[in-house]
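Report on one structure; see the data block that follows.
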Amino acid sequence: MSKDLLNSIINDIEARIDSVELNPSVWNVGEVFYLWDGVAKVSGLGQVSYNEVVEFESGAKGIALNLEEHFVWVVVLSGFNSIKEGEKVYSSGKVLEVPVGKGLIGRVVDSLWNPVDGLGDIKSSENYPIERVATWVMARKSVHEPMATGIKAIDALVPIGRGQRELIIGDRQTGKTQIAIDAILNQKGQWVTCVYVAIGQKEWKIARIVEELKKRWAMDYTIVVAAWASSPASMQYLAPYAGCAMAEYFMFNKEHSLIIYDDLTKQANAYREMSLLLRRPPGREAYPWDVFYTHSRLLERASKLNDELGAGSMTALPIIETQAWDVSAYIPTNVISITDGQIFLESNLFNAGQKPAINVWLSVSRVWGSAQIKGMKKVSGTLKLDLAQYRELAAFSQFASDLDPETKAQLDRWARMMELLKQWVYSPVTVEKQICSIYAGWKGYLDSIDVSKVAKFEHDLYSTLDEEKTILESISKEKQMTEETETKLVEVIKKVVELNK
């Protein structure tokens, strides 16, 4: 062999050696050891992290929740029926993310952000992790902007501010969901994007709610995340976190969002089911020890950001269902301690026709006047205390054979005030109109009207105010009632009262 040929062979070998890739890809691979009820026990995933997404050879997906020395317990999110024992499992190195952005507005999606409304694929260029550390205290600002719900009993007695977490609690069939839907309807034209998370609800109920929102053009600014009752426990558990990430996008982009969790009782039940299947030790009422953390890390993400971060906000209205008015149960007490106030709905009031059936004595908002304009503060200052006293006095008067004229006059006025706070479903009222109607009852102009005619008086008052636009425009502009506006309003009220005597 010639020397030139030998050198050529040597150079070729050296070139090939230099081109060899010495950084091989390392895959963290496991194997399915056991399967049951939506849970897979996997061996070999030594480098997997908590809440990391894992992918099965069959195409199924899951999240790693229990990390043990020799095994990893994976909750399967999709494709459980296609998994077989012995198949390979791969860690992805990623946490669960959801698409976010304006492309989701008007859509109905499931917990894994798959569209379920038949309107095609979702267009989104950005993803947010479903789990995120809540905004730290120094990045927040105090709640000072009203988040009007359009419900007189709430906006006057337990006002909600942008960035607040206000709990809606009560037994089943007391109107909890209706309050949330009315709050969404009232955000029309307020530049607030709403996210409604339905957890463990029946499919027909979610479909009816979506239809009502469409009928009133509320889906133009609303996203619906649906995890119905037939969905696996994992999907019901993840739904609030997915919805929260979608709502956070608007907060971090200098906008405002409102998120409804309907309801967190069912999410807690789903988490209990998952935890028992994962062989975690049961605690009080069989819930796992970290169920409080499950709700706190979700609700703490609602906040009002400071001006440096754009002054965006995310307001949360979680719903909790009680059993026979047992507010001292585990989950209700947990969520009460996390939120900034609560709206208690009472079955007795609901059955008596007082709708919304808000228990004035037990309901509270910890931001109070900070979430009201000056005009509302003026007319509702002592209203909550007066109505709470009315319930006590009305109960006492049932056993009294004779009442003095002053007490009877008080009861009559408060009875008309309670009638004035009643409201039809899907009929939110603007704050300006609320101020005018409450003013009429507060000042005693309704004393000469029969209780049965209060609803008609209110309807006639609103119709007259729509014609006399200067009153509403003045309150809207000044955020309070000037002397001139008050004089005009008194004239309008007296005129409407005469028509209803």
Side-chain angles (χ1 to χ4, degrees), residues 148-159 353-356 358 360 369 372-394 397 403-424 427-501:
T149 64
I151 302 171
K152 293 169 287 185
I154 293 178
D155 294 340
L157 303 176
V158 279
Q354 185 68 37
K355 302 173 185 178
I358 297 176
V360 178
Q372 289 178 319
I373 63 174
K374 290 183 179 179
M376 181 61 83
K377 284 184 195 176
K378 179 180 179 180
V379 299
S380 65
T382 61
L383 183 60
K384 188 173 188 294
L385 180 60
D386 290 343
L387 293 178
Q389 290 176 341
Y390 164 67
R391 290 196 65 184
E392 298 292 331
L393 190 58
S397 66
L403 294 173
D404 62 273
E406 185 179 348
T407 302
K408 190 176 184 305
Q410 279 185 324
L411 286 172
D412 289 342
R413 177 173 295 184
W414 289 340
R416 285 159 178 75
M417 206 70 200
M418 290 294 289
E419 192 70 21
L420 197 63
L421 291 177
K422 292 181 181 179
Q423 199 161 332
W424 289 101
S427 56
V429 181
T430 63
V431 173
E432 293 78 22
K433 288 183 177 178
Q434 290 183 38
I435 291 172
C436 295
S437 62
I438 293 173
Y439 177 88
W442 174 51
K443 288 293 187 178
Y445 291 108
L446 303 185
D447 293 356
S448 59
I449 296 178
D450 192 78
V451 175
S452 61
K453 293 184 178 180
V454 171
K456 186 177 182 303
F457 162 83
E458 185 182 10
H459 179 270
D460 293 344
L461 176 63
Y462 294 159
S463 299
T464 308
L465 289 172
D466 286 333
E467 296 173 2
E468 301 281 344
K469 294 183 178 180
T470 55
I471 296 175
L472 298 179
E473 288 173 354
S474 174
I475 297 174
S476 177
K477 182 181 178 180
E478 302 293 336
K479 305 299 181 186
Q480 60 181 336
M481 210 176 336
T482 61
E483 290 185 9
E484 182 182 354
T485 303
E486 187 173 353
T487 303
K488 289 181 180 179
L489 178 61
V490 170
E491 292 176 1
V492 170
I493 291 172
K494 288 180 178 179
K495 187 192 305 180
V496 178
V497 167
E498 288 299 321
L499 294 174
N500 286 274
K501 279 188 176 180

For I373 and I435, run side-chain contact (heavy atoms from CB on, under 4.5 Å): C-alpha distance rounded to whole Å, both residues' side-chain angles, the deciding distance at 0.1 Å, then the answer. CA-CA 10 Å; I373 63 174; I435 291 172; 3.8 Å; yes
Under 4.5 Å between any side-chain heavy atoms of M418 and Q354, yes or no? yes
Are any non-hydrogen side-chain atoms of K422 and K355 less than 4.5 angstrom apart? no
Heavy atoms only: give me the nearest P356-I151 pair and the separation to one decimal. CG-CG2, 3.7 Å
Should V496 and Y445 count as side-chain neighbours, where that means a heavy-atom distance under 4.5 Å? no
Nearest 0.5 Å, please: how far is CE in M376 from CD in E432? 9.0 Å
Answer yes or no: are there more than 12 heavy-atom neighbours, outside K453 itself, under 6.0 Å from its atom NZ? no
Smallest heavy-atom separation, D155 atom then Q434 atom, equals OD2-NE2, 2.9 Å
Counterpart residues, salt bridge (charged side-chain N to carboxylate O under 4.0 Å, His left out), relative to K443 (two or more places apart): none
Provide the closest heavy-atom pair for A156 versus I438 in the form atom of the first, atom of the second, distance. CB-CD1, 3.6 Å
Distance check, rounded to the nearest 0.5 Å: E486 atom CD versus I493 atom CD1? 9.0 Å
Begin with the C-alpha distance, continue with both residues' side-chain angles, and end with the deciding distance and a verdict on salt bridge (charged side-chain N to carboxylate O under 4.0 Å, His left out) for E491 and K495. CA-CA 6 Å; E491 292 176 1; K495 187 192 305 180; over 6 Å; no
Nearest heavy-atom neighbours spanning V431 and A148: CG2-CB, 3.7 Å
Between CH2 of W414 and CG of L421, what distance do you get to the nearest 0.5 Å? 13.5 Å
Could you check if a side-chain atom of W442 sits within less than 4.5 angstrom of a side-chain atom of L383, using non-hydrogen atoms only? no
Which is it for L420 and L446 under the side-chain contact (heavy atoms from CB on, under 4.5 Å) test, yes or no, and what are the steps along the way? CA-CA 10 Å; L420 197 63; L446 303 185; 4.2 Å; yes
Report the distance from atom NE2 of H459 to atom CG of N500, rounding to the nearest 0.5 Å. 11.0 Å
Name each donor-acceptor pair under 3.5 Å that joins a side chain in residues 465-478 to protein atoms two or more places apart or in another chain, with its distance.
| from | atom 1 | to | atom 2 | distance (Å) |
| --- | --- | --- | --- | --- |
| D466 | OD1 | K433 | NZ | 3.0 |
| D466 | OD2 | K433 | NZ | 3.3 |
| S474 | OG | T485 | OG1 | 2.7 |

Contacts of K494 meeting salt bridge (charged side-chain N to carboxylate O under 4.0 Å, His left out) (sequence neighbours excluded), chain-then-number -> none
Any V429 side-chain heavy atom under 4.5 Å of Y462 side chain: yes
Heavy atoms only: give me the nearest R413-D447 pair and the separation to one decimal. NH2-OD2, 2.8 Å
Ignoring hydrogens, what is the shortest heavy-atom contact between S448 and V497? Give both atom names and the distance. OG-CG1, 3.7 Å
Tell me whether Q423 contacts the main-chain N or O of K152 through its side chain, where contact means a donor paired with an acceptor under 3.5 Å. yes
First locate atom CG of D450, then atom CZ of R416, and finally report the distance between them rounded to the nearest 0.5 Å. 6.5 Å
Are the side chain of K384 and the backbone of V360 linked by a donor-acceptor contact shorter than 3.5 Å? yes
For the residue pair Q389 and L385, establish whether any side-chain heavy-atom pair is separated by less than 4.5 Å. yes
